[in-house]
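Protein chains get the first letters and strands the later ones, always in sequence-line order, with residue 1 at the start of each.
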2 protein chains.
Amino acid sequence: MQIENIIEQKNLKLTSARRELLEILLKENKPICFEDIKDKLTMNKATFYRNILKFQSNDMINSFESNDKKRYYELQNSPHSHFICNICNTIECLKKIDNIELEGYKVMDVVFKGICKNCLEQSR
Amino acid sequence: MQIENIIEQKNLKLTSARRELLEILLKENKPICFEDIKDKLTMNKATFYRNILKFQSNDMINSFESNDKKRYYELQNSPHSHFICNICNTIECLKKIDNIELEGYKVMDVVFKGICKNCLEQSR
DNA sequence: TACTTAAATGCGACTTAATCGCAACTGTAG
DNA sequence: CTACAGTTGCGATTAAGTCGCATTTAAGTA
């Protein structure tokens with residue numbers, strides 16, 4: 001999916017800041033936080049946050065907070081869940097789990113917390 | 001469960017700040033954030049956060065961030081999941097869901113995001 | 001190609017969550 | 001009653017996120 005198409009689909013202006021931000025998100029292909037990328041950003045941080053908000057309200061990205069108290073952002077290419085390890089704090093993307101449904105609710109995102117495979121094995 | 005017992009089980013000192021904080025958490029019986037209770041707190045906010053950390057490392061409370069970008073804390077009396085509505089931002093406690101397991105992981109907490117029952121009905 | 005304008009940006013100030021170092025204080029074991 | 005490790009209050013600090021405003025820019029239109 002090209003950046004031009006993504007933007008056009010949502011009827012947004014394609015600015016250099018937005019191109020930059022989308023390129024970063026596409027390239028990373030995993031949840032990233034502001035701190036991870038602030039040095040790469042040429043745009044002002046206010047612009048960063050305003051575009052994050054814009055993208056979120058257009059369902060282009062989702063975000064969640066990890067154990068390190070930082071907010072992570074990720075492109076919503078392919079919807080999937082995340083697992084955050086309480087020990088090593090690693091964020092793992094899980095394969096889409098489509099059997100998670102709650103009667104009466106529309107579930108759009110799931111974040112699991114607990115102990116990941118690696119840490120479980122090391123505790124044996 | 002009495003506060004004295006909770007503290008004693010964990011080999012922590014029972015200070016007035018900790019009694020106050022636990023009383024608040026017990027009384028609320030739902031996830032609360034710093035802002036919700038800061039006016040009630042007689043302790044310093046550094047003390048608040050230090051005790052939150054202490055309680056967390058002793059598995060007495062868990063925390064998660066909601067859509068309002070505030071961190072919510074809750075006593076781990078009875079483990080259960082939470083549903084955060086992307087529309088009304090309400091945090092709901094769900095009944096313990098014990099059929100959620102991930103092969104190879106230890107799941108300790110689940111946060112769902114999506115659209116809650118109320119908002120779903122209103123969108124019809 | 002130039003014009004127009006709503007939307008986007010940069011900047012600086014601001015708010016607030018969360019943390020830190022340090023001196024003073026306080027539970028609790030002995 | 002005492003000693004001391006652990007806890008607290010305080011003030012300063014860091015960093016995420018927001019806001020208002022002047023300036024700039026993308027993109028449609030003539």
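- Protein chain B contacts DNA chain C from C:dA17 to C:dT28, reading 5' to 3' and using non-hydrogen atoms of the protein with a distance under 4.0 Å.
- Counting side-chain heavy-atom gaps under 4.5 Å among Ile, Leu, Val, Met, Phe, Trp and Tyr, the cluster of B:Phe64 also holds B:Tyr72, B:Ile84, B:Ile91, B:Val111.
- To the nearest angstrom, P of D:dG17 lies 14 Å from NZ of B:Lys70.
- Of the residues in residues 46-54 of chain B, those placing a heavy atom less than 4.0 Å from an atom of DNA chain D are B:Ala46, B:Thr47, B:Arg50, B:Asn51, B:Lys54, in numerical order.
- The salt bridge (charged side-chain N to carboxylate O under 4.0 Å, His left out) contacts involving residues 4-25 of chain B comprise B:Glu4-B:Arg19, where partners must be two or more places apart or lie in separate chains.
- Counting to the nearest Å, the P atom of D:dA16 and the CG atom of B:Asp68 are 19 Å from each other.
- To the nearest 0.5 Å, atoms CD1 (A:Ile37) and CG (A:Leu21) are separated by 6.0 Å.
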Between the protein and nucleotides 27-30 of chain D, list every N/O to N/O distance that falls short of 3.5 Å.
residue : atom : partner : partner atom : Å
D:dA27  : OP1  : A:Leu14 : N            : 2.8

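- Distance CG (A:Asn44) to P (D:dC21): 17 Å, rounded to an integer number of Å.
- Listed by residue number, the members of residues 56-67 of chain B with any heavy atom below 4.0 angstrom from DNA chain C form an empty set.
- Judged by closest nucleotide on DNA chain D, B:Lys45 is the one of B:Lys45 and A:Lys45 placed further toward the 5' end.
- Distances shorter than 4.0 Å separate none of the side-chain N or O atoms of A:Arg71 from OP1 or OP2 on D:dA16.
- Shown here are the salt bridge (charged side-chain N to carboxylate O under 4.0 Å, His left out) partners of B:Arg50, two or more places apart in sequence or in another chain: there are none.
- Aromatic ring orientation, B:Phe112 versus B:Phe83: parallel (interplanar angle below 30°, classes split at 30° and 60°).
- The list of salt bridge (charged side-chain N to carboxylate O under 4.0 Å, His left out) pairs with a residue in residues 69-92 of chain A, not counting sequence neighbours, reads A:Glu35-A:Lys70, A:Arg71-B:Glu65.
- Taking the side chain to side chain contact (heavy atoms under 4.5 Å, CB included) definition, one finds that A:Asp59 meets it with A:Gln76, sequence neighbours left out.
- In this entry the distance linking CG of B:Leu22 with C1' of D:dT7 reads 15 Å, nearest Å.
- Remark on the helix from C:dT1-D:dA30 to C:dG30-D:dC1: inter-end axis angle 40°, axes from five-pair C1' superpositions, rounded to 10°.
- Residues satisfying the side chain to side chain donor-acceptor pair (under 3.5 Å) criterion with A:Ser123, sequence neighbours excluded, are absent altogether.
- Annotation: salt bridge (charged side-chain N to carboxylate O under 4.0 Å, His left out) contacts of B:Lys40 (sequence neighbours excluded): B:Glu28.
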